Engineer: 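Quick one: this structure, given as structure tokens, is what I'll be asking you about.
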Protein chains: 2
Amino acid sequence: MSARVTTLKELASSLGLSITTVSRALAGHQQIALKTRERVAQAARQAGYVPNTAARTLVSGRSGFVGLVLPIRGPNLVDSFLGEFITGLGEGLVAHGADLILATAAQDQAELAVLRHVVESGRADGVVITRIAEVDERLAYLRRRGFPFVAHGRLLDSDFAYNWLDTDGAHAFGEAFDMLYDLGHRHFGLVTISEPMTFRHLRQDGLAAAIARRGDPSVRLDVATAPRFDRGARIQAVNRMLQAPNRPTAVIALFDELALTVMEEASRAGLSVPRDLSIIGFDNVVASAYAPPGLTTFDASIRQCAREIADMLLTVIADRPAEPLTRLIRPTLVPRASHGPAPRARN
Amino acid sequence: MSARVTTLKELASSLGLSITTVSRALAGHQQIALKTRERVAQAARQAGYVPNTAARTLVSGRSGFVGLVLPIRGPNLVDSFLGEFITGLGEGLVAHGADLILATAAQDQAELAVLRHVVESGRADGVVITRIAEVDERLAYLRRRGFPFVAHGRLLDSDFAYNWLDTDGAHAFGEAFDMLYDLGHRHFGLVTISEPMTFRHLRQDGLAAAIARRGDPSVRLDVATAPRFDRGARIQAVNRMLQAPNRPTAVIALFDELALTVMEEASRAGLSVPRDLSIIGFDNVVASAYAPPGLTTFDASIRQCAREIADMLLTVIADRPAEPLTRLIRPTLVPRASHGPAPRARN
DNA sequence: TGCAGAATTGCAAACGTTTTAAATTTTTGC
DNA sequence: GCAAAAATTTAAAACGTTTGCAATTCTGCA
């Protein structure tokens, strides 16, 4: 019934050769006679020989896998980039014959524990970590172990170097501010989250820097903060901002989901976007194109980033470069219809 | 620098016990004295011992992994369910201590070759296959090998039994028709794809069956077909349908992306949804909630399905049940604002 | 033909675990 | 206090591969 798997031993005996020779022949060693190499390759192909991963990993110490720990959030929360990110990683890995292992961290489980398990069980040759927190124990752990990894995102400041790829959110937020300023806006709103993620600081700092660069004392910035996954609190915070006696004319949101909430609540409050209120997001999620009037946002090309992360990690694994690899990717503005000139009169 | 990994041998010698005893103690064998088991567990915890996956897999023949082959499509096409699906699989697997292997099939690469590699290299104890085609060589291969698998989707008819979980698209399409019929619609449009995927037939058949059940000769059905990933052709086909002298009053789309195209083109053509045209989709993608006026669709709860698939597969791996496991999940209608009563007068 | 040296092939150990069968220690019953 | 039984522990083989080193075969040349 269930077809057995061909092993090196079987292949060897069917060819009248030793296991060693067959192994070397398949690996393409020059020391094996060309004729033998061809004969072995032919037989292996015909027998459908596929080397056993476990055996190979055991002896070589290399698994050919790259690990990613997937945290499970609430029952209805799916990381909106997961699909893109994984597709990109897969693309980057397959070019080098590597595959991805996805270890899930249950909701109540520390992500670090799962990461440790992946690393120390020898399942992976390197790992990717995402969503870097202000104080990130994963980073510290991996560094302590000297285990190959690439971070998607950066620490704010660190006393050690590591491999990372990040989206230049600071630049994007500066660009957003400049564009809105040039459209006449002076009163800005920022909708952000309360979690200690570094990308939040980087983006906010980019905005602050752009404001400072203008040196215009008439610029004003209101900030609305809510926990990332608390939709109710988010809506409340947004409404507090929109319904203030003197509301901003332009709102920049930390990411699209927040921007979409602003658009919904603005429309619910009878405000017209972008006539009464300009809104700019970040991420370019699919819904941002569909939500009327079309959200102006930044595209970070997650898939491409993930692909590069895979490349970087494979380089780190293979070459262990002395200098850490770092890449800062500039997101591109996706201008849609949610931004426009500042309204003349105030309500 | 790079911390070494503790092995069973080290743990054993530090405890003054044999490898065998330590192995058994950690596995919780009753034959090992309770006191010894506790002592070993304590030492293992303290040393941070994690068993080597490769070694364990090699000897036991079980890897603790479940495989999924991820086909890479065009540069900008990401499977819209991938994130949800993987999250669900992860959730289902983690409960049993299993993890997921994601093998990517490059664009030009046969998915079957990658699947074979995953199966025959012993990387996985079972696999999940999705997007079942009318004639699916993966299914045939896995069955021939007797390798544990669960299919997400079904063959239309098969002379053999296998494990599957499917969304009851036939039922949903029947429900959509009935609802629209009761709203007075008699002239229907179906927007579908040309690829030989079984879900297409199942849904279309469900629609046909519902139409037949009514036995109303005045019911008319127009069909627009386009290749799944050819956006241009899709738009053309939709417009041909919408701009026909006698267009349908209600359109059912094979899935949301097609429905969204219909909504866009309808609005471009100056049609008001749902006043002039009712539209119903399938999948409940995120954008369907945002695209005005809000798409009525069916939610197949991919994440939950994936979770069940994981459970099923783990059962299959562990118990090799004689009878195949099958589950038909009924999707739930998500009524939004894109459907309504049939218009009185015709254009 | 014989021999050095190059070319080719093979033996055996190792990777870290599980598991069978056997050895050792402890307990029990009389 | 001793044999038998029960409880506990261990030695060694096995999983399928890679690889250092040794063995064998071949080639060219005297």
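We name chains A, B, ... by the order of the sequence lines, and we start the count at 1 in each one. Everything numeric here is computed off the predicted structure, so don't read it as measured data.
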Engineer: Does C/dG10 have OP1 or OP2 under 4.0 Å away from a side-chain N or O of A/S18?
Structural biologist: yes

Engineer: Give the rounded distance in Å between these two atoms: CG of B/L15 and C1' of D/dT9.
Structural biologist: 14 Å

Engineer: Who pairs with B/R327 by side chain to side chain donor-acceptor pair (under 3.5 Å), at least two apart in sequence or on another chain?
Structural biologist: B/E308

Engineer: Quick one: B/R37 CZ to D/dT8 P, roughly how many Å, whole number?
Structural biologist: 9 Å

Engineer: Atom CD in B/E84, atom CG in B/D79: separation rounded to 0.5 Å?
Structural biologist: 10.5 Å

Engineer: Whether the side chain of A/T7 and the base of D/dT17 hold a donor-acceptor pair under 3.5 Å is what I'd like checked.
Structural biologist: no

Engineer: Report yes or no: does B/D99 contribute a side-chain atom to a donor-acceptor pair with the main-chain N or O of B/F65 at less than 3.5 Å?
Structural biologist: no

Engineer: Starting at CD of A/E10 and ending at P of D/dC15, how long is that distance when rounded to a whole Å?
Structural biologist: 11 Å

Engineer: Would you mind reading off the distance between A/E120 atom CD and C/dT17 atom P, rounded to a whole angstrom?
Structural biologist: 12 Å

Engineer: Once side chain to side chain donor-acceptor pair (under 3.5 Å) is applied, do any residues pair with A/S18, and if so which ones, sequence neighbours excluded?
Structural biologist: A/T21

Engineer: Output the rounded distance in Å from CZ (A/R123) to P (C/dG16).
Structural biologist: 16 Å

Engineer: For DNA chain D, which residues in residues 52-61 of chain A have a heavy atom at a distance below 4.0 Å?
Structural biologist: A/N52, A/A55, A/R56, A/V59

Engineer: What is the nucleic acid contact for B/L17, judged by heavy atoms within less than 4.0 Å: base, sugar-phosphate only, or nothing?
Structural biologist: sugar-phosphate

Engineer: Just the rounded figure in Å: distance from P of C/dG10 to CG of A/L11.
Structural biologist: 13 Å

Engineer: Around B/Q31, counting heavy atoms of other residues, nucleotides and ligands shown, do more than 12 lie under 6.0 Å from its CD?
Structural biologist: yes

Engineer: Go through residues 22-35 of chain A and report each residue with a non-hydrogen atom lying under 4.0 Å from DNA chain D, sorted by number.
Structural biologist: A/S23, A/R24

Engineer: Not counting sequence neighbours, list each pair that qualifies as a ring-ring contact (aromatic ring centres under 6.0 Å, His included) and has a residue in residues 83-113 of chain B.
Structural biologist: B/F85-B/H152

Engineer: For residues B/V94 and A/I72, determine if any side-chain heavy atom of one lies less than 4.5 Å from a side-chain heavy atom of the other.
Structural biologist: no

Engineer: Of all residues at least two apart in sequence or in a different chain, which pass the side chain to side chain donor-acceptor pair (under 3.5 Å) check with A/T87?
Structural biologist: none

Engineer: Using only heavy-atom distances, decide whether a donor-acceptor pair under 3.5 angstrom links the side-chain of B/T20 to the base of D/dA11.
Structural biologist: yes

Engineer: To the nearest angstrom, how far is B/R62 atom CZ from C/dT17 atom C1'?
Structural biologist: 16 Å

Engineer: Starting at NZ of A/K9 and ending at C1' of C/dA12, how long is that distance when rounded to a whole Å?
Structural biologist: 14 Å

Engineer: Does NZ or CZ of B/R143 fall inside the cone over B/Y162's six-membered ring, less than 6.0 Å from its centre and within 45° of the axis?
Structural biologist: no

Engineer: Think A/Y49 has a side-chain N or O under 4.0 angstrom from the OP1 or OP2 of D/dG16?
Structural biologist: no

